[in-house]
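Worksheet for the structure shown next.
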Amino acid sequence: MEDTTVRGEYQTLRMLACAGKITEEMMAVAEDERLDPEFIRQGLADGTIVIPKNIRHQFRPIGIGKGLRTKVNANIGASGYHQLLEEEITKLHTAVQYGADSVMDLSTGTDLDLIRETLIRESPLMLGTVPIYQVASEGSILKMDPEELFAVIEKQTQQGVDYMTVHCGVTKETVRKLRQHQRIEGIVSRGGALLAAYIEATGNENPLYEQFDRLCDIFARYDVTFSLGDGLRPGATGDASDRGQLAELLVLGELVTRAREKGCQVMVEGPGHVPLDQIVANVQLQKRVCDGAPFYVLGPLTCDVAPGYDHITGAIGGAIAAAAGTDMLCYVTPAEHLRLPDRQDVIEGVIATRIAAHSGDLVKGVKGAKAWNDQMSRYRKQLDWDGMFRLAMDPEKARRYKEESEAANAKVCSMCGSLCSINIDNAAIEKFSGQKPDTSEKFLTPRPAAAVAGGD
């Protein structure tokens, strides 16, 4: 297999993979996942794996897709109401510290170029954006000149953005179908609502759909990965799997093929708010319609009545979605539907979503997931607290809870004390069978990327 370490313009990773070449990026992902580099190359060539990495953004790349561990994205970004760059930098570093694999800058308001440039420079992870936000922040969407939209997209690719959410499936026809089927909550995607308003006010087609080949050419130049946005996703569980959502999905399936033919990497975004009994079907349908493209979902949230706790509703749906084959989960924080998240919201959102992702990986048989899980159980059997803390998703919180208890210095915890079932069982095993607990270290070393304790 021929290796290459240099990529020029229009040499996307997908193009190189299709030519049989293994690059440094593919090697890094293979090391991260403990898989053969040829598996990564073949996945890129097939379109079932993407490695979002702009040629102008230097960081250790991470793969998303079939056979890889489920990734976690954290949304950050300022708004017109609340714009503090240092706070966004803090949230970025917090997301990295607690194990996110990706961040998205969803900033609106002013100074958007400065915010984006700073976050790209500071980020050791892939970074995504939604370029329509900048267009709407800088002028009236109803008076948008398509050339302005493409100028913003080109500028963001030149800055080093690794993947972009573009709502190409919000078309005159899909909006018409959505309007014919009454929804409880209408369009909740910000980008979807903007483009639908533009279409309905002007009678013009969505320029992202109408000039999709032009978009592919821009993305290929810098190897920006498509994240085909679900602009008509349900924002209420009562709206899930309706005509508008499915009409858009069918368009996205066609665009996946067109993007791949242009040499572009592409993943597809999904809902949203989805009842438990529809999640698996939604994942399977996306995979079928979009020819196995990596699937990236927000949540999904399984009910609509838990503001302040939507990191939990999102994690419930996310675990089911991950087990069914979803490849990346966008975190939901306790602040969802209420306000911009703060640092603590970011922590809780990342951890809850990592729990969901890992739960799904155990079902999918992702390499390393069971080893991590089983080694934690061995440490619990040994009452090895330092070992447990090392493997915990949030080592700091786990250690703090133990140290704040009355049994801080005891081998047992304060719940069972002298009636600790582990101690009782270990003593019985040793006395009556002559066996001793397994103390071997079988856990695989945490993944090298974004080194976080407990990662697999």
Side-chain angles (χ1 to χ4, degrees), residues 73 75 104 106 128-130 132-133 163-171 173-200 206 208-209 226-256 266-290 293-304 310 313-314 316-318 320-322 324-333 336-337 353 356:
N73 173 69
N75 289 338
M104 288 198 78
L106 304 186
T129 60
V130 188
I132 194 73
Y133 291 178
Y163 66 97
M164 288 188 191
T165 294
V166 280
H167 302 89
C168 306
V170 180
T171 68
E173 179 61 15
T174 58
V175 171
R176 184 186 68 80
K177 289 181 178 178
L178 178 136
R179 297 304 190 201
Q180 288 180 338
H181 191 180
Q182 184 62 43
R183 276 188 168 185
I184 298 170
E185 204 165 340
I187 301 175
V188 299
S189 160
R190 188 158 47 187
L194 289 167
L195 285 165
Y198 168 83
I199 289 168
E200 293 179 308
N206 177 357
L208 296 174
Y209 175 75
F226 275 96
S227 189
L228 291 174
D230 52 341
L232 304 183
R233 68 176 180 267
T237 54
D239 294 334
S241 309
D242 72 354
R243 295 175 192 169
Q245 177 193 335
L246 299 181
E248 180 184 31
L249 179 60
L250 292 174
V251 174
L252 298 184
E254 296 172 1
L255 296 181
V256 166
V266 56
M267 59 184 174
V268 178
E269 297 184 15
H273 291 237
V274 184
L276 282 170
D277 62 336
Q278 296 181 33
I279 293 174
V280 173
N282 268 263
V283 176
Q284 292 174 341
L285 186 61
Q286 184 277 340
K287 289 289 184 176
R288 173 66 172 161
V289 170
C290 298
F295 197 25
Y296 167 32
V297 305
L298 174 65
L301 287 79
T302 57
C303 69
D304 306 324
D310 276 327
T313 65
I316 292 169
I320 296 170
T326 292
D327 304 289
M328 183 159 77
L329 303 176
C330 184
Y331 82 172
V332 180
T333 78
E336 186 78 10
H337 302 110
T353 310

Does any non-hydrogen side-chain atom of [Y] lie less than 4.5 Å from one of [X]?
| X | Y | value |
| --- | --- | --- |
| L329 | V297 | yes |
| R190 | L106 | yes |
| I187 | R179 | yes |
| T165 | M104 | yes |
| N73 | Y163 | yes |
| L246 | L285 | yes |

Next on the checklist: Counting only heavy atoms not in Q180 (residues, nucleotides, ligands), do more than 12 fall under 6.0 Å from its CD?
Outcome noted: yes
Next on the checklist: Tell me whether the count of non-hydrogen atoms from other residues, nucleotides or ligands lying under 6.0 Å of OH in Y133 goes above 12.
Outcome noted: yes
Heavy-atom pair with the smallest gap, counting every atom of [X] and [Y]:
| X | Y | answer |
| --- | --- | --- |
| L255 | C168 | CD1-CB, 3.4 Å |
| Q286 | P294 | NE2-O, 4.2 Å |
| V332 | G314 | CG2-CA, 4.4 Å |
| K287 | G325 | CE-O, 3.4 Å |
| F295 | V283 | CE2-CA, 3.8 Å |
| P271 | P300 | O-CB, 3.7 Å |

Atom [atom1] in [X], atom [atom2] in [Y]: separation rounded to 0.5 Å?
| X | Y | atom1 | atom2 | value |
| --- | --- | --- | --- | --- |
| I199 | L194 | CD1 | CG | 11.0 Å |
| I316 | C303 | CD1 | SG | 7.0 Å |
| H181 | D239 | NE2 | CG | 8.5 Å |
| L298 | M328 | CG | CE | 11.0 Å |

Got a donor-acceptor contact below 3.5 angstrom from the [X] side chain to the [Y] backbone?
| X | Y | answer |
| --- | --- | --- |
| Q245 | S241 | yes |
| Y296 | D327 | no |
| T174 | E248 | no |
| N206 | V170 | yes |
| N75 | C330 | no |

Checklist entry - Hey, which of D304, T302, T313 is the one that makes side-chain hydrogen bond (donor to acceptor under 3.5 Å, both in side chains) with T237? => result D304
Name the atoms and distances for all side-chain donor-acceptor pairs under 3.5 Å in residues 227-236, with sequence neighbours left out.
| from | atom 1 | to | atom 2 | distance (Å) |
| --- | --- | --- | --- | --- |
| S227 | OG | E269 | OE2 | 2.6 |

Checklist entry - Could you go step by step and tell me if H337 and L301 meet the side-chain contact (heavy atoms from CB on, under 4.5 Å) rule? => result CA-CA 12 Å; H337 302 110; L301 287 79; 3.8 Å; yes
